[in-house]
Amino acid sequence: MQQDEEEEKHRKCAARKKSNHPTVPDMDDVVAIFDDLISAHSSKRSRTQAMFDTAALKGALMEDAMAWDELNHNNNKGSLHRLGGDKNSLVTDKTKEAVHDNTDELDLMGVDLETDSEEEDTIVPMAPMAVAVDSTSRQQFQEYCDTGKRCFLPFTSAEVSAIRLLNTLRRKKCSLDSYDSILEWHFETTGELRRGGSIGDCSPYLSRYVLLPKLMRRYNLEALLPKEMPIRLPSSNSKANVIVQDTEAGIQSLLTDPRRKDEDYLFHNDDPFSPPPADLNVIGDLNTGTAFLESHKKLVVGPKDVPMALVLEIDGTVTGQFDNCPITAMKMSLGIFTRKCRDKDDAWTILGFVPKIHSDASTGDRMFVESGHMAATETAAAMLQGEGVEENAKISNMQDYHNLLEVVLDGLAKLQQKGGFLWDLRYKGQVFKDVHFIPYISHLRVDEKEASSLCGRYGSYTKGVKSYCHNCTCASEESDNPDAKFQFKTPKMINRLARRNDEDALNAMSQHNINNAFHKLEFGKHNNRGIHGACPSEMLHAILLGLFLYCRSVFFEQIGPSSKAAKAVNALAKLYGKLFQHQSDRDMPRTKFAKGIQAGKLMAKQHRGILLIMAAILRCSRGRQILAESRKGCFNTQEQIRDWVLLVETLLEWEHWLCSEEMDRSVVVRMKGKNKFIMHLLKRIANRTKGLGWNIVKFHNILHIWEDILMFGIPLEFDTGSAESGHKVTKTAAKTTQRNQETFDLQTANRLLEYRVVDMAMEELDGRPLWNYFDGFSHRVVPEKPQVTCTGGSAIEVSRVPGTASSRYSWCITSRVKNKDSARWNKEVVFFLGKLQDLVIEKVGKLKIRTQHKRNGLIFRGNPFYRRTIWRDWVLVDYGRLHGQLPTEIWCFLDFSELKPGTVNIEYGGMRLRDAGVYAVVEVGYYSHREDEIAKSGIFRPFSKETKRGTAEDGGSWKRQFYLVDVEAFVEPMVVVPDVGGKRNAYFHMKSRQLWVEQFEQWVKDPHSEL
Ligand SMILES: [Zn+2]
């Protein structure tokens, strides 16, 4: 059907101009596309000739057609391409009991907490693979590879150009429909198409409706063509079409993707068959979590069994301004890929799209019919045929959602029921034969709301709802209790209640009375919690963001939200926001908030910045003074401020620890106690009185954090924040469709498949045709850029002002810098430089003053005029045994790298200048040793800059003290902010974030103390 439609389109296309482009590329894009298009042409032949060698093209098409006849013949023997043969049986009309029988058979995870006296739950062991394991997918792919090698001709230059154009359109996020308009313009320009003529008559034109299906066959992707499954929904009694893609074909396509490299795979000891090491004491990717470790123990029977963890994700996007076209794709990736690999969107396959049920339309129709208006007669007739007239009030509308999910997950369920599949895996230069992959669901990367729906929990979190958590049965009024007792929800527990129709008991745990689509599927063997234990709360994205923002609002509440003090704090926040941005440490969190930090909705990425600024305000002298004077009296004592410092800094360190790429197992286990401590801290210090107080699910979820990490690996494994890049593709694809509600899912699915087709073609052009999978794909190794050490930036010159007896110097930027005349520099540093120049000018000429020094991939700047402002980085410098490592502020660099030995030998700026090298002109700070000052913060270390007493003629009481320091003594960049409101030379050194993590781990390891 798909095929016919596309051919039809192609015919029409030849006859008429296309007029309905949903996205018109802007001019820049078109120009860029043409640059690409033109450079893609071979330079040897004329453009026309090269691009449209029609004879060659025809030949290729003939060859391919023959090859394909052969391959398709083979395919008919296999069963990979069949899906949905039994459309109707799997969909709706099942009675609940039937499904329950099924679920019970699958519900075999061994020991259960609760005993069931009424029914006998037969425990069926996982079927050992006595039956031959399915190898259809492997066989089909092997045959494809053989045919591919034998029969596929190389691309003609016309095809190459067309593929490159399609790829450019995709990269530029243009609609692939622009393809025709661009070619039309092109042929008109080259004169091959007369103005007003039809592009179809133009002999060199290669239609994408011919090219794409051909490529789809060439890359064995036809099995992935989306299919429509009609379904009648039991609750709303309406019809829907679910778009699904073949699960096995999807997995095959992920396994054979030429873009995958060896380092993308996640195997212990670089061996697919290797068991995990027994003494694993770190937590990293998902194969270090107990879900994997236990499943490995229980699933592996034969020597070639390899458990394949699956990660599922709901990719929900709303396109356009009004959410009339929401798109919800259920995606899946493989746990044999690393987490980093799974961050790429091409490591995911789509199982299907969960359509939005347009019940509004149905309800409207129903109202119309009920009104009895004569105009509604046709509607009534149509409804009798299609839509049900009555809604089934007895069935929860959550059942509709789960019936849709059931269709989407059907392919996966069948694959699991077969006991997995056989595969020959190419990895590390060899083919591992007969790998028996046993797929199980590790976890789902979803947000709290999605998790609730998937678990069949009520969607609401308002007062009166009995339980907020999808993991456990904790009562909602206990959500703010760090010591709350709870029992984990299990499919068995919930199904038993559903079977008895025990609405009251289900209501008590806020569960819908439904058949959960996931209860049919196999999850990790580490526990029997199924879907209810496989939706880890995404702590980075939601919990912390939520908690951080609540802290912020409580902080301002305690100051008095509209008080003078709050305004002052907010102004100070703006100042620190700016100061934190000027640092040599380039990956500081974003702290620049135009309107301060008191109000405003924030992106997840910004929450760290807010908290960091709060920490600075709580530490600096001016901030403490404002808080102490605030009228509400919440910060009047040192203890109150100290408590807030403790809370804010603990949260900051905690968040950084949670973002770690690797964690100590024992620390994670100990977090069980420390998490409770953090909860107590929040409750006591940030005493939230608004709304439900701390009686919220985000707060309760802190209790589950440590276990989630232990089961599934570091939080980045299940943080939806990192999945956002993957979302974009679906969004782009969705945006380039015509956004017709009825066919939206199908169009998006088709568009995504077309993207994959073009990607595969680009891989072939890069020397990695798909059919070479078993021979291995070679990837160009991008040579690592050598890290250069160099000194550069703007050049500055200092000169003695002529005609003056005393030493007066002027300076100027000699490089070409815009608006450099408006630059101002401190007189003292010019004097320091001028004096030095006087000492060496006869031997080496004028000083080479530079503003930038690069080493070890880091850039240090000391520039009087960088982006129109003064920029001076701080760096930690090693001053040897006597002084140790001290904070150092860079004013500029002196390039003496060409200094010849023996020319200069002077004492200046605290060092002997004799050897060739690069020296920085700096000021130096000394750390405070006052215990009370140090104790005021765990992340800011106070220090003062060295100054000297000025002479009377300078008019001031202090002067800057400059030094020269060899850049070889640089240790690391550092973040330094002034102590606003403190002494004029008082600063804070923000400890490196690595140190925060270490401090946090140390704190976790410390004995649990009472608050
Ligand atoms: Zn819970």
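All of these numbers come straight from a predicted model, not from anything done at the bench. Indexing begins at 1, ligand by ligand and atom by atom, following the structure's order. These numbers come from the heavy atoms of this one structure, side chains and all, not from hydrogens, waters or symmetry mates.
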His704 and Phe488 aromatic ring geometry - parallel, tilted or perpendicular at 30°/60° bounds: tilted
Distance flag, aromatic centroids of Tyr458 and His512, threshold under 6.0 Å: yes
Listed protein N/O/S atoms, distance to the Zn ion (ligand 1) under 2.8 Å: Cys469 SG, Cys472 SG, His700 NE2, His704 NE2
Salt bridge (Lys or Arg N to Asp or Glu O under 4.0 Å) against Lys297, all qualifying residues, sequence neighbours excluded: Glu294
Basic-acidic side-chain contact under 4.0 Å: Lys340, Glu661: yes
Sidechain N-carboxylate O distance under 4.0 Å for Asp643, Arg684: yes
Geometric class of the His402/Phe518 ring pair [parallel <30°, tilted 30-60°, perpendicular >60°]: perpendicular
